[in-house]
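Working notes, beginning with the structure itself.
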Protein chains: 2
Amino acid sequence: MSEISTQELKKAGLKATLPRIKILEILEQSEMRHLSAEDVYKALLETSEDVGIATVYRVLTQFESAGLVFRHNFEGGHSVFELNEGHHHDHILCIKCGRVDEFLDETIEQRQKIIAREYGYAMTDHSLIIQGICPECQERAKGKE
Amino acid sequence: MSEISTQELKKAGLKATLPRIKILEILEQSEMRHLSAEDVYKALLETSEDVGIATVYRVLTQFESAGLVFRHNFEGGHSVFELNEGHHHDHILCIKCGRVDEFLDETIEQRQKIIAREYGYAMTDHSLIIQGICPECQERAKGKE
DNA sequence: CAGGTAAATGAGAATCTTTTGCATTTCGCT
DNA sequence: AGCGAAATGCAAAAGATTCTCATTTACCTG
């Protein structure tokens, strides 16, 4: 069953070691799309795999270099990782409950390219995060007042 | 000369203490618009003020709450602070040299509001950072190859 | 303008996240 | 099966930020 993951790792140019296979599977099987290193580590403990947190960080960083995952720097000084499934998107996140939604807006994508060009930059990446209060949390707040 | 800063602090609802006055002046007088807590601390040391790093963090956080400064979470796990001069803008930053430019694009601003509404979020904030290589660093790279 | 009080500060310890050093283990290949 | 390079685990380190608590300061009152 770890055959598929093994293939993916080899294809990405990484040795198929046990920690890497496990971590990749966790990323693929988690119902959360955005996992912190700590999240991955906890999930590993639950599978009773004996993997150190240092390895989790190392592997996630390698995955990022290999293009398997994206690393996002959300607020609060810690990174979250997300499987690269080919389609770029931006994030809209709730400041109350932490919920994360994804969106893609071609107009904004285009404008960014134009802006980078205007300033003479060779754009390599961009990150757009809209913060707000999600529908559920708005309801909840209304109930209280 | 610290009269003006004192006024600003009072107006923001903060006691006009020496550390706060000094830090506000540093933010106003620095030629860099984006300062990390460490930057502010170093600048304080140079004015031979005896202010601890803990106070720098406390004061900057208060300034943020009071709306005097913005806190941005750039890559690499540390925050930078920037005086709130009334006009919102986004950032474009060079991944080679760390240079930061600012821009404001109405089209993007509008689209963000629309997207937040589509997803049912009450937008409270947003941050857009374009990363790339600035003109100077592109030149430098060309020279080398 | 002295005096009291709550708020603010300094110093260092504590915390949190992430990285590093190094001895040991594992992978991939022969 | 066996070798060498690459990967791992552990613990220690590092960097950023927050907290604790005794001491000091700003501001209000008399």
Side-chain angles (χ1 to χ4, degrees), chain A residues 2-3 5-24 26 34-45 47-66 68-81 98, chain B residues 2-3 5-24 26 34-45 47-66 68-81 98:
Chain A
S2 54
E3 286 310 300
S5 309
T6 304
Q7 296 312 315
E8 292 182 72
L9 287 169
K10 295 251 172 105
K11 199 160 32 170
L14 295 170
K15 252 206 245 191
T17 65
L18 210 78
R20 303 219 259 236
I21 292 167
K22 281 290 166 196
I23 290 172
L24 184 53
I26 285 167
H34 303 84
L35 298 171
S36 67
E38 196 65 27
D39 292 332
V40 173
Y41 181 62
K42 286 201 197 105
L44 278 171
L45 290 183
T47 70
S48 71
E49 282 306 325
D50 200 6
V51 176
I53 185 80
T55 299
V56 174
Y57 276 102
R58 272 188 295 237
V59 169
L60 287 172
T61 302
Q62 290 156 353
F63 281 9
E64 187 194 8
S65 302
L68 291 175
V69 304
F70 294 118
R71 179 197 298 249
H72 303 290
N73 291 289
F74 285 174
E75 310 295 300
H78 73 307
S79 303
V80 296
F81 298 84
Chain B
S2 56
E3 286 310 300
S5 309
T6 305
Q7 296 311 315
E8 291 183 72
L9 288 169
K10 296 250 169 106
K11 198 159 34 166
L14 295 171
K15 256 207 242 188
T17 64
L18 210 78
R20 302 220 259 236
I21 293 168
K22 280 289 164 197
I23 290 172
L24 185 52
I26 283 167
H34 304 83
L35 297 171
S36 68
E38 197 65 28
D39 291 333
V40 173
Y41 181 61
K42 286 203 198 103
L44 277 171
L45 290 184
T47 69
S48 70
E49 283 304 325
D50 200 3
V51 176
I53 186 81
T55 298
V56 173
Y57 276 103
R58 270 187 298 236
V59 168
L60 288 172
T61 302
Q62 291 156 353
F63 281 9
E64 187 192 8
S65 301
L68 290 176
V69 304
F70 293 118
R71 178 198 298 249
H72 303 291
N73 291 291
F74 286 173
E75 309 295 299
H78 73 307
S79 304
V80 296
F81 298 84

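Keep in mind that the numbers below use all heavy atoms, side chains included, and drop hydrogens, waters and symmetry copies. Within every chain, numbering begins at 1; the chains are lettered A, B, ... in the order of the sequence lines, protein sequences first and strands thereafter. Not measured: the values here are computed from a predicted model.
The interatomic distance linking B:Tyr41 (OH) with D:dG15 (C1') rounds to 15 Å, in whole Å. One interatomic measurement links the two molecules: CG of A:Leu45 to C1' of D:dG9, which rounds to 13 Å at whole-angstrom precision. To the nearest angstrom, C1' of C:dA7 lies 14 Å from NZ of B:Lys10. If you take CG of B:Leu35 and C1' of D:dA16, they are 16 Å apart, rounded to a whole angstrom. For the pair B:Asn73 CG and C:dT18 P, the interatomic distance rounds to 13 Å; values are reported in whole Å. C:dT17 atom P lies 10 Å from atom CG of A:Asp39, rounded to whole Å. The distance between atom CZ of B:Phe63 and atom C1' of D:dT17, rounded to the nearest whole Å, is 18 Å. In this structure, B:Ile53 atom CD1 and D:dT18 atom P are separated by 11 Å, rounded to whole Å.
Between atom OH of residue B:Tyr57 and atom OH of residue B:Tyr41 there is a gap of 11.0 Å, rounded to the nearest 0.5 Å. Of the inter-residue distances, the one linking A:Leu60 atom CG with A:Ser65 atom OG reads 11.0 Å to the nearest 0.5 angstrom. Between B:Ile21 atom CD1 and B:Ile26 atom CD1 the span is 12.0 Å, to the nearest 0.5 Å. Expressed to the nearest 0.5 Å, how far CZ of B:Phe81 lies from NE2 of B:His34 amounts to 12.0 Å.
Helix-axis bend for the helix from C:dC1-D:dG30 to C:dT30-D:dA1: the local axis fitted to the five terminal pairs at one end deviates from that at the other end by 30°, rounded to 10°.
In terms of heavy atoms, B:Phe63 sits closest to B:Leu9 at CE1-CD2, 3.6 Å.
Taking only side-chain atoms of A:Tyr57, from C-beta outward, the nucleotide of D:dA16, D:dG9, C:dT17 with the closest atom is C:dT17.
If you check the side chains of A:Thr61 and A:Arg71, you find a donor sitting under 3.5 Å from an acceptor.
Of the two residues near DNA chain D, B:Arg71 and A:Ala54, the one whose nearest nucleotide lies more 5' is A:Ala54. Remark on DNA chain D: of its neighbouring residues A:Arg58 and B:Thr55, the 5'-side contact belongs to A:Arg58, judged by nearest-heavy-atom nucleotide.
B:Val40 has its side chain within reach of B:Leu35: a pair of non-hydrogen atoms, C-beta onward, lies under 4.5 Å apart. In this structure, A:Glu38 and A:Ile53 have side chains that are in contact, with non-hydrogen atoms separated by less than 4.5 Å.
Shown are B:Thr6, B:Leu68, B:Val59; of these, the side chain to side chain contact (heavy atoms under 4.5 Å, CB included) with B:Arg20 is made only by B:Val59.
When the side-chain nitrogen and oxygen atoms of A:Ser79 are compared with OP1 and OP2 of C:dT18, one or more of them lie within a distance under 4.0 Å.
Listed by residue number, B:Lys15, B:Thr17, B:Pro19, B:Arg20 are the residues of residues 11-20 of chain B with a heavy-atom contact under 4.0 Å to DNA chain C.
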